[in-house]
Amino acid sequence: MRVRETVPDSILRLADEVELIDVAPQALQARMKEGKIYAREKIDQTLGNFFKIGKLIALRELALREIADDVDERLEAWERKSSLRGPWNKREVIFVCVKLSSNAERLIRRGFRIAFRLKAQWIVTYVHPTDTMNEEELMKKEKLESLVVRLGGHFEVVPLGHSDKLADILLARANEYHTTQLIIA
């Protein structure tokens with residue numbers, strides 16, 4: 001379906017400020033049913049096609065992200081101009097710890113999305129219980145490492161010694177990188 005009711009990106013870039021008026025999808029549908037957005041003859045068509053709850057939720061998320069990106073860019077510009085100090089000046093570092101399990105890729109992709117949005121450095125660490133890996137473990141590790149590198153992250157394997165505690169190793173690595181967010185399953 002072709003959407004015709006759009007605002008060109010160039011208009012958004014020209015604006016000094018963009019204000020988001022957030023409305024819950026159910027409230028937006030109610031306003032549509034009342035005829036406050038479209039002509040009465042178009043209401044059923046629009047609610048049945050494009051303005052379903054799932055699509056409205058997705059559009060809401062896109063709008064919130066767009067505003068968040070705009071705020072982030074304005075803050076970065078302000079920091080460059082005035083040497084702004086405070087917690088917002090801290091660089092984000094995302095630290096992802098994975099196992100060689102089926103959900104490792106999901107965690108890696110989540111870490112990537114967070115890092116991408118925050119323009120952050122991100123590291124993926126796999127703590128292996130021994131110094132050696134069998135062929136299956138090696139293949140899984142290489143697949144995960146390839147994904148991380150392809151997405152622009154840093155991948156590392158840390159061996160777990162006999163007397164080491166996993167939590168201590170992860171905490172030490174996270175502190176070494178000055179981690180601001182941890183993703184661990």
Mind checking side-chain hydrogen bond (donor to acceptor under 3.5 Å, both in side chains) for D22 and listing every partner two or more places apart, or none if nothing turns up?
R60

Applying side-chain hydrogen bond (donor to acceptor under 3.5 Å, both in side chains) to K36 and not counting sequence neighbours gives E34

Should the pair K119-E92 be classified as a salt bridge under the 4.0 Å nitrogen-to-oxygen rule?
no

Taking the side chain as everything from C-beta on, heavy atoms only, tell me whether [X] gets closer than 4.5 Å to [Y].
{"X": "E61", "Y": "R65", "answer": "yes"}
{"X": "V124", "Y": "H154", "answer": "no"}
{"X": "I183", "Y": "I114", "answer": "yes"}

I108 side, atom CD1; L147 side, atom CG - distance, nearest 0.5 Å:
5.0 Å

Rounded to the nearest 0.5 Å, what separation is found between the NZ atom of K33 and the CG atom of D44?
9.5 Å

For residues [X] and [Y]: do they belong to one hydrophobic cluster (side chain heavy atoms under 4.5 Å, members Ile, Leu, Val, Met, Phe, Trp, Tyr)?
{"X": "L166", "Y": "V96", "answer": "no"}
{"X": "V148", "Y": "F95", "answer": "no"}
{"X": "W122", "Y": "V157", "answer": "yes"}

Report yes or no: do H128 and T130 form a side-chain donor-acceptor pair below 3.5 Å?
yes

[Y] backbone acceptor or donor facing [X] side chain under 3.5 Å:
{"X": "E156", "Y": "Y126", "value": "no"}
{"X": "T180", "Y": "V93", "value": "yes"}
{"X": "N134", "Y": "E137", "value": "yes"}
{"X": "D164", "Y": "L160", "value": "no"}

